[in-house]
Amino acid sequence: MTPRPPGPDQPTTTSPSQNPTSTSTPSPSQGPRAGTASGAGDGDGAGARAWAELLRLPALFTVPGDALAGAATTGNRPNPRTLLAIASSLCLYEAGMALNDWADQAEDALERPHRPLPSGRIRPPAALVAAGALTAAGLALAARAGRPALAVAAPLAATVWAYDLALKRTPAGPAAMATARGLDLLLGATATGGSARPALPSALTLATHTLAVTTVSRGETRGGSPLAPLAALATTGTLAWTLTRTPQAPGTARSRYPAAAPSRHPAADTLRTVLAAAFVATSGRPLLHAALNPSPPLTQRAVGGGIRAMIPLQAALAARSGALASALLTAALAPAARRFARKVSVT
């Protein structure tokens with residue numbers, strides 16, 4: 001999970017996890033009059049649209065795969081505690097989105113005046129209250145999943161708030177975002193199997209991708225050097241190569257369920273290869289364009305592609321652990337994420 005995705009999942013103007021390519025966003029004139037989105041007024045539809053923009057709802061499709069990939073490393077099938085972990089992740093992720101915009105009011109007023117808060121469609125206190133309520137809900141859901149899950153969710157929530165309020169514009173910002181995504185995957189593992197250890201390699205893989213995307217997102221509004229997208233492109237290729245060759249995460253061989261055990265069946269290897277290729281295609285092409293021309297629009301597309309690429313990456317991690325059903329379920333979220341991103345921007 002992650003506060004708002006870098007630049008979208010969020011770095012400079014956003015809060016690991018975690019969003020699709022740049023899409024057109026409505027101008028202030030397309031929304032209701034100032035203040036109407038926070039409650040009554042000109043239209044419930046306009047208010048709902050404002051909240052969808054604030055929370056970047058299409059990015060939510062990149063969240064369930066964290067818990068599913070983490071659960072896959074435990075050698076257990078997803079269970080009700082896994083569902084609680086997913087719900088907790090969704091709440092904490094959206095808390096980061098709301099808090100991110102609350103913390104970025106002044107900057108967004110200059111660089112993104114169409115955003116819900118600077119345009120007046122949502123009142124800042126409402127965004128802050130939403131962030132607090134979602135955080136509390138996320139921690140409560142993690143507690144229901146068990147003490148090990150809460151032990152991961154608590155530092156995850158702290159990382160989200162620290163990123164949005166203090167670390168975002170510091171050198172520690174990308175690392176904080178990466179930490180949030182990695183912890184989100186560990187949340188699924190601890191909720192499902194009680195231990196984070198088997199999920200550490202997968203968490204590191206996801207965190208590495210998040211670190212690269214978040215670093216690129218720092219040039220989202222002003223453009224920047226081609227070095228960041230080039231480094232992210234190299235990272236993407238390295239991770240994809242690792243996904244197709246790294247042995248299964250430790251711990252999966254003890255699975256009590258044949259379907260969750262590491263599989264060397266050709267179909268499993270083929271699925272992993274296809275998902276790794278989808279990861280490269282989703283993230284690599286826009287990164288290459290941004291490296292050739294690191295302008296704000298192309299950088300935004302690269303960040304969005306990197307966020308969307310988390311879905312095939314999560315699916316490949318699940319497939320690598322032998323959880324083919326979880327891999328296919330995660331991969332199935334990609335079309336929906338792409339479709340909704342055309343209606344509501346994730347950056």
Separation between CZ of F61 and CZ of R339, rounded to the nearest 0.5 Å:
7.0 Å
For N79 against A191, the heavy-atom pair lying closest together
OD1-O, 4.5 Å
Smallest heavy-atom separation, L233 atom then G284 atom, equals CD1-O, 3.5 Å
Hey, could you give me the CG/CE distance between D164 and M97, rounded to the nearest 0.5 Å?
9.5 Å
Can you confirm whether the side chains of T192 and N76 place a donor and an acceptor under 3.5 Å from each other?
no
Students should find that the hydrophobic cluster of L139, defined by side-chain heavy atoms under 4.5 Å apart, otherwise consists of L150
Under the 3.5 angstrom rule, does the side chain of E111 hit a backbone N or O of D108 as a donor-acceptor pair?
no
Check: L275 and L317 side chains under 4.5 Å, non-hydrogen atoms
no
Result for salt bridge (charged side-chain N to carboxylate O under 4.0 Å, His left out) between D104 and one of R112, R115, R169 points to R169
Grab the two heavy atoms, one from H209 and one from L313, that are nearest each other, plus how far apart they are.
CB-CD2, 3.7 Å
Say whether Y93 and L141 are linked into one hydrophobic cluster, either directly or through other cluster members, by side-chain heavy-atom distances under 4.5 angstrom.
no
Do you reckon L90 sits in the same ILVMFWY cluster as L329, going by side-chain contacts under 4.5 Å, direct or chained?
yes
Indicate the atoms forming the closest heavy-atom contact of G306 with V213, along with that distance.
CA-CG2, 3.8 Å
Any D184 side-chain heavy atom under 4.5 Å of L206 side chain
no
Taking the side chain as every heavy atom from C-beta outward, state whether L298 and R301 have any pair of such atoms under 4.5 Å apart.
yes
With rounding to the nearest 0.5 angstrom, report the CG to OG distance, L186 to S202.
9.5 Å
Verdict with reasoning, V63 to M310, per side chain to side chain contact (heavy atoms under 4.5 Å, CB included)
CA-CA 9 Å; V63 177; M310 289 181 182; over 6 Å; no
Separation between CD1 of I311 and OG1 of T330, rounded to the nearest 0.5 Å:
8.5 Å
When you group the ILVMFWY residues by side-chain heavy-atom contacts below 4.5 Å and let the links chain together, are L167 and M177 in the same group?
no
Taking side chain as C-beta onward, heavy atoms only, is L92 less than 4.5 Å from L134?
no
What I'd like to find out is whether the side chain of L187 reaches to under 4.5 Å of the side chain of D66, using heavy atoms alone.
no
Short question: side chain of S321, backbone of A323 - any donor-acceptor pair under 3.5 Å?
no
Straight-line distance of L200 CG to T73 OG1, nearest 0.5 Å
8.5 Å
For the student: nearest non-hydrogen atoms of A98 and L55, plus distance:
CB-CD2, 4.1 Å
Using modelled atom types only, decide if a donor and an acceptor are shared between the side chain of R308 and the backbone of A334 within a distance under 3.5 Å.
no
Could you check if a side-chain atom of S88 sits within less than 4.5 angstrom of a side-chain atom of R144, using non-hydrogen atoms only?
no
Can you name the nearest heavy-atom pair linking T62 to Q314, along with the distance?
O-NE2, 2.7 Å
Please determine whether side chain to side chain contact (heavy atoms under 4.5 Å, CB included) holds for the pair I122 and D101, giving the CA-CA distance in whole Å, both sets of side-chain angles, and the decisive distance to 0.1 Å.
CA-CA 11 Å; I122 292 178; D101 275 28; over 6 Å; no
Could you check whether any side-chain N or O of T205 sits under 3.5 Å from a backbone N or O of P201, counting only pairs where one atom can act as donor and the other as acceptor?
yes
Test item: T244 side-chain N/O and W241 main-chain N/O as donor-acceptor pair under 3.5 Å:
yes
Are L204 and L156 linked, directly or through other ILVMFWY residues, by side chains that come within less than 4.5 angstrom of each other?
no
Do the side chains of V216 and L230 join up, straight or via other hydrophobic residues, at under 4.5 Å, putting them in one cluster?
no
